[in-house]
Amino acid sequence: EVQLVESGGGLVQPGRSLKLSCVASGFTFSNYGMNWIRQAPGKGLEWVAYISSGSSYIYYAETVKGRFTISRDNAKNTLYLQMTSLRSEDTALYYCASGDYGYNLDYWGQGVMVTVSS
Amino acid sequence: EIVLTQSPTTTAASPGEKVTITCLASSSVSNMYWYQQKSGASPKLLIYSTSSLASGVPDRFSGSGSGTSYSLTINTMEAEDAATYYCQQWSSNPLTFGSGTKLEIK
């Protein structure tokens, strides 16, 4: 069974940093591209970032470019999202999801909440 | 950026009724993907490559379309289909989602 389990969320002040993790199991993590998607409370889905299976290709949404960094450790089956210079508008439930560039998002984690507030 | 416009925003259907949700793209896309998100849950892939059912999805769901116009159809509405549905494209960066269609049961 495919499982994606996010962690690392919480309450953080504006301007501070936070690092999310997503541990994958039930599939060959190193063969798949991975994504972060977020959903603000009561709102729709917003794609945040993509990383290819071997980390060669990385893409970001304009809203987070220069502030967020996606990375992965295939030996640990783990995806990361380093978030810096956080803003109130970054408050959302953050999902990791498997899916290769140009295609759909196959499997989603349960999400981890990030709240940016003073 | 390709903008996806879904309609309706909200709708309600009786059990057994047919439901169609439309997704219009601001530029032509090669494929459309559809997700179902029930209250308090993560999104789940329903349809990939415009018209292919994801694993375990009941065959009352179907997808169609081409170019800039796509649709998701539920042939016979069931209570468990109450959810928010999103379309998604990745024909060009960035990946974008529609704003969602909330489907309620009457």
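Protein chains get the first letters and strands the later ones, always in sequence-line order, with residue 1 at the start of each. Keep in mind it's a predicted model, so treat the numbers as computed, not measured. The analysis underlying the following values was restricted to heavy atoms, covering all of them including side chains, and did not include hydrogens, waters or symmetry mates.
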### Query
Side chain of B:Tyr35, backbone of A:Leu105: donor and acceptor closer than 3.5 Å?
yes
### Summary
Heavy-atom nearest pair, A:Gly109 first then B:Ser42, reads O-OG, 2.6 Å
### Query
Would you say A:Tyr57 and A:Trp47 are hydrophobically clustered, going by side-chain heavy atoms of ILVMFWY under 4.5 Å?
yes
### Query
Does atom OH of A:Tyr103 have more than 12 heavy-atom neighbours, drawn from other residues, nucleotides or ligands, at distances under 6.0 Å?
no
### Task
Could you tell me the separation between the CG atom of A:Leu45 and the OH atom of B:Tyr86, rounded to the nearest 0.5 Å?
4.5 Å
#### Entry: Atom group of A:Tyr59 that falls short of 4.5 Å from chain B, counting heavy atoms
side chain
### Pick from A:Gly102, A:Gly44, A:Ala97 with the largest number of heavy-atom pairs that fall under 4.5 Å of chain B
A:Gly102
#### Entry: Shared hydrophobic cluster for A:Met83 and A:Tyr80 (ILVMFWY, side-chain gaps under 4.5 Å)
no
### Message
Could you go through A:Gln39 and B:Gln37, starting from their C-alpha distance and side-chain angles, then the distance that decides it, and tell me whether this counts as side-chain contact (heavy atoms from CB on, under 4.5 Å)?
### Response
CA-CA 12 Å; A:Gln39 187 169 34; B:Gln37 186 177 32; 2.9 Å; yes
### Query
Linking I/L/V/M/F/W/Y whenever their side-chain heavy atoms sit closer than 4.5 Å, directly or via other members, would A:Leu20 and A:Leu86 fall into one cluster?
yes
### Task
Identify whether B:Leu45 and A:Leu93 are in the same connected component of the hydrophobic contact network (ILVMFWY, side-chain heavy atoms under 4.5 Å).
yes
### Query
Just wondering, are more than 12 heavy atoms of other shown residues or ligands nearer than 6.0 Å to OH in A:Tyr60?
yes
### Task
Using a cut-off of 6.0 Å, state whether more than 12 heavy atoms not belonging to A:Lys76 lie near its atom NZ.
no
### Query
Which bit of B:Ala41 comes within less than 4.5 Å of chain A, counting heavy atoms only: side chain, backbone, both or neither?
backbone
### Message
Determine whether the aromatic ring centres of residues B:Trp90 and A:Tyr101 are separated by less than 6.0 angstrom.
### Response
yes
### Task
Of all the heavy-atom pairs spanning B:Pro43 and A:Tyr95, show the shortest one and how long it is.
CD-CZ, 3.9 Å
### A:Ile37/B:Phe97 under side-chain contact (heavy atoms from CB on, under 4.5 Å): CA gap, chis, key distance, verdict
CA-CA 10 Å; A:Ile37 299 94; B:Phe97 292 98; 4.0 Å; yes
#### Entry: Hphob cluster co-occupancy, A:Tyr32 + A:Leu79, side-chain heavy atoms under 4.5 angstrom
yes
#### Entry: B:Asn93, part contacting chain A, at a heavy-atom distance under 4.5 Å
both
